[in-house]
Enquirer: 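Before I ask anything, here is the structure I am working with.
Letters A, B, ... mirror the listed sequences (proteins, then strands); counts begin at 1. For the numbers below, each heavy atom of this structure counts, side chains included, while hydrogens, waters and symmetry mates do not.
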There are 2 protein chains.
Amino acid sequence: MRLPLPQVEPDPTLPRSVTVYEVGPRDGLQNESTVVPAAVKAEFVRRLAAAGLGTIETTSFVDPRWVPQLADAEEVLGLLGDEGRGARRPVLVPNERGLDRALTAGVGAVAIFGSATETFARRNLNRTVEESVEMFRPVVERSRAEGLWVRAYVSMCFGDPWEGPVPVARVVDVCRRLMDLGCDELSLGDTIGVGTTGHVHRLLAALDGAGIGPERVGVHFHDTYGQALANTVAALRDGVTVVDASTGGLGGCPYAKSATGNLATEDLVWALEGAGVSTGTDLDALVATSTWMAGHLGRPSPSRVVRALAGG
Amino acid sequence: MRLPLPQVEPDPTLPRSVTVYEVGPRDGLQNESTVVPAAVKAEFVRRLAAAGLGTIETTSFVDPRWVPQLADAEEVLGLLGDEGRGARRPVLVPNERGLDRALTAGVGAVAIFGSATETFARRNLNRTVEESVEMFRPVVERSRAEGLWVRAYVSMCFGDPWEGPVPVARVVDVCRRLMDLGCDELSLGDTIGVGTTGHVHRLLAALDGAGIGPERVGVHFHDTYGQALANTVAALRDGVTVVDASTGGLGGCPYAKSATGNLATEDLVWALEGAGVSTGTDLDALVATSTWMAGHLGRPSPSRVVRALAGG
């Protein structure tokens, strides 16, 4: 397969290089209804690595009752061997029990999943925001004691389906608490995809004012309202250099009302490589991987780049 | 219908207001395979106007043999009466014959459709770029003599499917010639959707250097590679305040390999109103209009906002 590549005209307002934090195997598959065998998941991670993606979140040690799709975390990591370990192969750990499993599996990096809003903390974690921070404290402390790299997701940073717009000050407060636990990096999630560029700018400025500079921050946009790439570019102009994306746009069905699709890695890479921002990735290989995975999922990729180059 | 609206956090890098140049009834429908009756087209324009869209390109006086969908231009304008006339209801005129028809129909504004590349000029207009400019000369002169407002579309401003990347200098040269004819506004088209933000910036800077400032320029992005909104925001940061968009994302099938969909007006409005940029439009009414039109076309809207708010 020989595909057209983006035409390069450098954008002087963007950084020279960006780290794509690939969430397809975890956040992407977690939201797919078709259960994928462990061997396919391991092969997915291998293909993503071969396509040049440095950081790949491989799986989740969440309770299998809540996310059956990822009940095979140990099996996937076992199949991956050393390819699934190290500081650039994080796994999600919801709590200490998940951390125990992750440590047994020999991971080198973990991610915790917090909430900026009380309602989502209650619904997702069955705790208040403050109680959830206390739940994460031993997870982060033990992870650091084991030498693991730690990321903290913060969901609902822009809007919340129950609470509406989320005040920037509240997001900053939660972020500050999580960083104070000792996390290495934050991922700011627009879980329902409602944010726009001014909101992105204001939140990043407020975080910077609270001592959390853009070098500690990744952004995680969903394309529910078509804003994911525009918001990502806005964040990059403000100094962010880590962007979460999902190869093929996996995660959430694009045809359903509840569409919550992740930014597609291919669409991000097109934007960045075209603007002279190095991502280290091979677009052909990413598109081929999405096409291969679409076959396993039984539906076309929602990525615009994949559709344009491979016909879906 | 009572829908969620974007959360407003002003973006200080964007203009205070933007004119949405609605292309759905012409550029959108032109690319739809389902033929729509004239009465539905007229009602579409009326609904768009009621939703607050100031400028609406209503139809095209192209030869009906080439675009059967728009063969009913006179009928549509007849049904619209005064609502389809005036300086903010342009119609496309490909040549003097089209202008004759448009003048007979009593229009107040016209748009011509040029090309930045020789290959597309040859394929679309059966002329060289220079010959096409000469073909447009009497169209623009007569239009101005009649007191009409004149827009010049320039297609293939970023990439061309046969020639590849299009040099900025060539685009500037064509734009300069068209403006020298006496046009009021340019519309820079990324017809195949390959451009990225650095390319947008460089082209706008080069045009400004050639005496065509952003106040004379509209931008027209296609979402083939998912770049339309990010590129639009980049253009707005450089001073552009006119953006072409198509309600519901009409134009080109999003499910086909040849997807060439226009930026959806709803997704643009979400981005702009959320960033504190006034568009004067009513998002509920736009979404309702897209849902209504989707019923006539027999397929869901590709707009992400429409899908999120109305389930497609």
Side-chain angles (χ1 to χ4, degrees), chain A residues 4 6-14 158-159 164-166 168 192-203 223-234 237 254-259 261 264 266-268 270-277 300 303-305 307-312, chain B residues 4 6-14 158-159 164-166 168 193-203 223-234 237 254-259 261 263-264 266-268 270-277 300 303-305 307-312:
Chain A
Q7 305 162 192
V8 180
E9 290 278 1
D11 184 333
T13 67
L14 299 184
F158 294 85
V166 181
V168 165
I192 59 171
V194 296
T196 46
T197 58
H199 203 154
V200 173
H201 174 69
R202 192 160 155 235
L203 176 55
D223 211 28
T224 322
Y225 294 84
Q227 310 297 309
L229 184 57
N231 287 345
T232 297
V233 172
R237 289 178 195 257
Y255 306 111
K257 181 164 181 174
S258 58
E266 291 92 339
D267 298 11
L268 173 67
W270 186 281
L272 296 182
E273 295 288 345
V277 181
S303 159
R304 305 268 169 143
V305 168
R307 290 185 186 201
L309 296 183
Chain B
Q7 303 163 193
V8 180
E9 290 278 1
D11 183 334
T13 68
L14 299 184
F158 295 84
V166 181
V168 165
V194 295
T196 47
T197 58
H199 203 155
V200 173
H201 174 70
R202 189 156 157 241
L203 176 56
D223 211 28
T224 321
Y225 295 83
Q227 311 296 311
L229 185 58
N231 287 344
T232 297
V233 172
R237 289 179 195 258
Y255 306 112
K257 180 166 181 173
S258 59
L263 173 61
E266 291 91 341
D267 298 11
L268 172 67
W270 186 282
L272 296 181
E273 295 287 345
V277 180
S303 159
R304 306 267 169 143
V305 168
R307 290 184 186 202
L309 296 182

Enquirer: Let me know if P165(A) has heavy atoms under 4.5 Å from chain B in its side chain, its backbone, both or neither.
Expert: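 Backbone plus side chain of P165(A), per the 4.5 Å heavy-atom cut-off to chain B.
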
Enquirer: Are T196(B) and E9(A) packed together at the side-chain level, in the sense that at least one heavy-atom pair is separated by less than 4.5 angstrom?
Expert: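 They are not in contact (no side-chain heavy atoms under 4.5 Å apart), so the answer is no.
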
Enquirer: Indicate the atoms forming the closest heavy-atom contact of A308(A) with T224(B), along with that distance.
Expert: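 For A308(A) versus T224(B), the nearest heavy atoms are CB-O, 3.6 Å.
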
Enquirer: Checking heavy atoms, do the side chain of L203(A), its backbone, both or neither come under 4.5 Å from chain B?
Expert: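 For L203(A), there is no contact with chain B at all, as no heavy atom is under 4.5 Å.
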
Enquirer: Which bit of A234(A) comes within less than 4.5 Å of chain B, counting heavy atoms only: side chain, backbone, both or neither?
Expert: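 Its backbone and side chain both get close to chain B.
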
Enquirer: Just so I know, are the side chains of H201(A) and D11(B) near enough to count as touching, which here means a heavy-atom distance under 4.5 Å?
Expert: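 No, their side chains stay 4.5 Å or more apart.
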
Enquirer: Quick check: closest heavy atoms across Q7(A) and F158(B), and the distance to 0.1 Å?
Expert: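 Distance-wise, the nearest heavy atoms are NE2-O, 2.9 Å.
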
Enquirer: If you tally heavy-atom pairs under 4.5 Å against chain A, which of G274(B), P10(B), A271(B), S303(B) wins?
Expert: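 Greatest number of close heavy-atom pairs with chain A: A271(B).
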
Enquirer: Considering all heavy atoms of both residues, which atom of G198(A) and which atom of A275(B) are nearest to each other, and what is their separation?
Expert: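 Smallest interatomic distance, heavy atoms only, reads N-CB, 4.4 Å.
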
Enquirer: Would you call L14(A) and T197(B) a side-chain contact if the rule is heavy atoms closer than 4.5 Å?
Expert: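 A side-chain contact under 4.5 Å exists here.
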
Enquirer: So which of A264(A), A230(A), P12(A) has the biggest tally of heavy-atom pairs under 4.5 Å with chain B?
Expert: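 Max contact count across the listed options: A230(A).
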
Enquirer: If every non-hydrogen atom of V194(B) is compared with every non-hydrogen atom of W270(A), which pair is closest and at what distance?
Expert: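 Heavy atoms of V194(B) and W270(A) come nearest at O-NE1, 3.1 Å.
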
Enquirer: Which one, E273(A), E266(A), R237(A), leads in non-hydrogen pairs under 4.5 Å with chain B?
Expert: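 Option with the greatest count: R237(A).
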
